[in-house]
Amino acid sequence: MLVFMLGVMLPAAALIVTGVSHLRTIQREKAIEAVFQREYQQVLAIAEKRIDARAYDIADEAMARFPKADQGDELETFLAAHPDIVHAFLWTGKGHIEIQSQPDRMADPEFEKERRSLASMFGHWFDLESNDWIAKLKKMRVMEGRRAYFTSNWVSRGDKWQYQSVVLFMPRGSTAEHPTFAGFVYDTDYLSNKFFPQALNEVLPNQNTNDTHPQPVIMVRTAKENVPLAASMGWDGGSPEVERGFEGVFPGLILGIKLRGTTFANISNHFARSNYLTLGALSLLMGGGMLLTYRNVAREFALAKLKSDFVSNVSHELRTPLALIRLYAETLELGRISNPEKRQEYYEIIRKESERLTSLINNILDFSRIESGKKEYSFRKTDVADLVRSTLESYRFEIEQNGFQFEQKIANDLPQVWVDREAIARSLLNLVNNAVKYSATEKYLGVHLYRHNGGVKLEVVDRGIGIPAKEQPKIFEKFYRVGDPLVHNTKGSGLGLSLVRHIVQAHGGEVGVESEPGQGSKFIITLPVQTAEAQQAKGMSV
Ligand code: ADP
């Protein structure tokens, strides 16, 4: 048991405890959320790069078609070819800035105001810092190979601030002596309706809105507002779980990502829950397995103990009659006993002891046949009354000599029953022997046979030591003996009742006991009436 505890229970318990604490740590440290965070930070960084590249491509294409430094009057044509651009301007020297805007929006006074403030802002900028701008754009060209400088502009439309993206560059024809600057402006509408939706879907391609697995969805918002300016397909509202501010092309815009239909915390909880469940189920299985093993081991232990008790009991049982037989036979052999009565007594003892031996050996042989499945019964139509009477007859004298009051009640109206005579006689003798063995001061033996439900009942009654209620179901088990074998003063093999039960069941009957400690016991065999065929079939199968 100690080995079992140490070898199986401890590792199993350790495994469960480690599993639970591991899961707890994962939950406490929000490890799964952290993995998602890291993972999606990277996704956003890559997304930003791709979006930037796309913006540069589009701007490059527009810059290539932008009027040359001395063709300020071409701005209108440029705007007509680029409807996505709202304003375009050209700075040709201090105080000289030319700005054109999409003509169909000029009727709007707000728009007109926006155009004028834009012209004055960039006009001043270039007037004051033209050298800085030259240096900045040059550095960009050298370091990054880019001609365009992206910046942002906030304009108020109604009650809202709107984001515009401004591209600044030096147009074709700008020289070191006469530096010129140019720029054009992408409006919010273009960014939110066209540029970003396309760019975001390109960043997260293969979106399948029917897929039930959580998929990442991405959005872009301005730093001033939480609602998305644009989002990828399948965006299902809510706030992004990981965000990243644009660093290069779109200053003031923020990229956000989340999982459609769920959150990192949900996934983490689900993970923990399913792991706890698995752990629980495995623990239960393990516990069940251990319980079964424990029970099996315990049963094997008990059986091993019973067997060893059995061996010591049987050897004792064999030794006692043999010793007696030898003693009396030797005494007789010496011829010293002249008293014929005494001699007769010795012969009787020898006979009785050899009968005891025979019945013990028969029990053991029967038991071994039953255990190996080789026990066969031969059923014959029998007058049970006759069988019981003749079986008890040879014992009556002995029983009464032992000081027993012997009462035999056999009914007259008994039916004939199909039985194996020898087996039934042996069952009866086992019960009678027990009654005699386990009687103390009040020596009474009753054998009653009467009709019951068409069959018969055979009762063996004593007023002996009785059997405690909790032992009663166990006494029919093989090798089982009530009490501690070391303090047992009545020897036995523990086989008798198990044989009785087996024999009676083979007859389709039942054996039971009613008993009270100190009061006595009543063993009842019930034999049903069965047809010859049924009995024969049963006999074969046993
Ligand atoms: P045993 O060889 O020990 O008598 P049995 O199988 O015949 O084996 O009986 C099993 C146990 O049941 C006995 O050891 C005894 O404790 C108990 N027992 C059987 N018959 C009686 C009885 N008539 N009165 C009290 N105890 C009994």
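Under the 6.0 Å cut-off for aromatic ring centres, W133 and F126 qualify, their centroids lying closer than that. Aromatic rings from Y294 and F301 are positioned such that their centres are separated by 6.0 Å or more. Between Y40 and F264, the distance from one ring center to the other falls under 6.0 angstrom. In this structure, F196 has its ring center under 6.0 Å from that of F250. Within the 6.0 Å centre-distance limit, the rings of F111 and H87 are counted as a close aromatic pair. When ring centroids are compared, F479 and F367 come within the 6.0 Å threshold. The six-membered or imidazole ring of F89 lies near that of F122, with a centre-to-centre distance under 6.0 Å.
The pair R481-D309 fails the salt-bridge criterion, with no side-chain N (NZ, NE, NH1 or NH2) lying under 4.0 Å from an Asp/Glu carboxylate O. For the pair E202 and R54, the salt-bridge criterion is met [side-chain N within less than 4.0 Å of a carboxylate O].
Here the side chains of I364 and S493 are not in contact, with every heavy-atom distance at 4.5 Å or above. Residues R38 and V35 have side chains in contact (heavy-atom distance under 4.5 Å, counting atoms from C-beta outward). Put simply, the side chain of T263 does not reach to within 4.5 Å of the side chain of K258, judged on heavy atoms. Side-chain contact check for T92 versus E98: every heavy-atom pair is 4.5 Å or farther apart. In this structure the side chain of F184 never reaches within 4.5 angstrom of the side chain of L79, judged on heavy atoms. In this structure, the side chains of L168 and F181 stay at 4.5 Å or more apart for every pair of heavy atoms. Contact check for P216 versus V43: no side-chain heavy atoms found under the 4.5 Å cut-off. Side-chain contact between T293 and V8 is absent, with no heavy atoms from C-beta onward closer than 4.5 Å.
R115 places a side-chain N or O within donor-acceptor distance of the main-chain N or O of I99, the cut-off being under 3.5 Å. Here the side chain of S130 pairs no donor or acceptor atom with the backbone of D127 at under 3.5 angstrom. No donor-acceptor pair closer than 3.5 Å links the side chain of D84 to the backbone N or O of Y190. Side chain of E471 to main chain of P468: no donor-acceptor pair is present (N/O by atom type, distance under 3.5 Å, no hydrogens or angles). For the pair E76 (side chain) and Q100 (backbone), a donor-acceptor distance under 3.5 Å is absent. Side-chain atoms of T188 come within 3.5 Å of backbone atoms of Y163 as a donor-acceptor pair (strictly under, hydrogens ignored). With hydrogens and angles disregarded, no donor-acceptor distance shorter than 3.5 Å links the side chain of H270 to the backbone of N266. Checked by atom type and distance alone, the side chain of Q102 pairs as donor or acceptor with a backbone atom of I85 at under 3.5 Å. The main-chain N or O of S515 is found under 3.5 Å from a side-chain atom of Q472 such that the two form a donor-acceptor pair. Using a distance-only test at 3.5 Å, with no hydrogens or angles considered, a donor-acceptor pair links the side chain of R172 to the main chain of F66.
V166 approaches S152 most closely through the heavy-atom pair CG2-C, 4.4 Å. Across I524 and E514, no two heavy atoms sit closer than the pair CD1-OE2, 3.6 Å. The shortest heavy-atom contact between A230 and S192 is CB-O, 3.7 Å. Across all non-hydrogen atoms, the minimal contact from V242 to Q41 is CG1-NE2, 3.4 Å. Taking every heavy atom of both residues into account, P517 and I467 meet most closely at CD-O, 3.8 Å. Shortest non-hydrogen contact noted between F78 and A62 is CE1-O, 3.3 Å.
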Discussion item. Let's go through H82 and E61 carefully: what are the C-alpha distance in whole Å and the side-chain angles of both, what is the deciding distance for side-chain contact (heavy atoms from CB on, under 4.5 Å) to 0.1 Å, and is it a yes or a no?
Written reply: CA-CA 10 Å; H82 292 88; E61 189 270 339; 3.7 Å; yes
Practice prompt. Kindly determine whether M106 and S101 satisfy side-chain contact (heavy atoms from CB on, under 4.5 Å), including the steps that lead there.
Written response: CA-CA 7 Å; M106 293 293 279; S101 303; 3.8 Å; yes
Discussion item. Please evaluate residues K136 and E129 with respect to the criterion salt bridge (charged side-chain N to carboxylate O under 4.0 Å, His left out), reporting the C-alpha separation (whole Å), side-chain torsions for both, the decisive distance (0.1 Å), and the verdict.
Written reply: CA-CA 10 Å; K136 197 186 269 187; E129 297 171 16; over 6 Å; no
Item to complete: Assess whether side-chain contact (heavy atoms from CB on, under 4.5 Å) is satisfied between W161 and V155, documenting all intermediate values.
Response: CA-CA 6 Å; W161 283 100; V155 290; 5.6 Å; no
Practice prompt. With side-chain contact (heavy atoms from CB on, under 4.5 Å) as the test, would you mind laying out the steps for Y276 and L23 before giving the verdict?
Written response: CA-CA 8 Å; Y276 274 124; L23 279 176; 3.7 Å; yes
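Tested against F246 for a side chain to side chain contact (heavy atoms under 4.5 Å, CB included), the candidates L44, I254, D52 yield a single pass: D52. In summary, of the residues considered (I46, V249, L200), a side chain to side chain contact (heavy atoms under 4.5 Å, CB included) with I51 occurs for L200 alone.
The CZ atom of F195 sits 14.5 Å away from the CG atom of D187 when rounded to the nearest 0.5 Å. If you take CD on E33 and CG on N269, they are separated by 7.0 Å, rounding to the nearest 0.5 Å. Rounding to the nearest 0.5 Å places CE of M170 at 7.0 Å from CZ of R141. Residue I257 holds its CD1 atom at 11.0 Å from CZ of F36, rounded to the nearest 0.5 Å. Distance check: H502 NE2 to S427 OG gives 11.0 Å after rounding to the nearest 0.5 Å. Rounded to the nearest 0.5 Å, atoms CG (N153) and CE (M121) are 4.5 Å apart.
Stacking of K375 on the aromatic ring of Y377 is recorded, both the 6.0 Å distance cut-off and the 45° axial limit being met.
No more than 12 heavy atoms of other residues, nucleotides or ligands sit less than 6.0 Å from atom NZ of K113. The 12-atom threshold is not exceeded at NZ of K307, counting heavy atoms of other residues, nucleotides or ligands nearer than 6.0 Å. Counting non-hydrogen atoms of neighbouring residues, nucleotides and ligands closer than 6.0 angstrom, the CD atom of Q37 exceeds 12 such neighbours.
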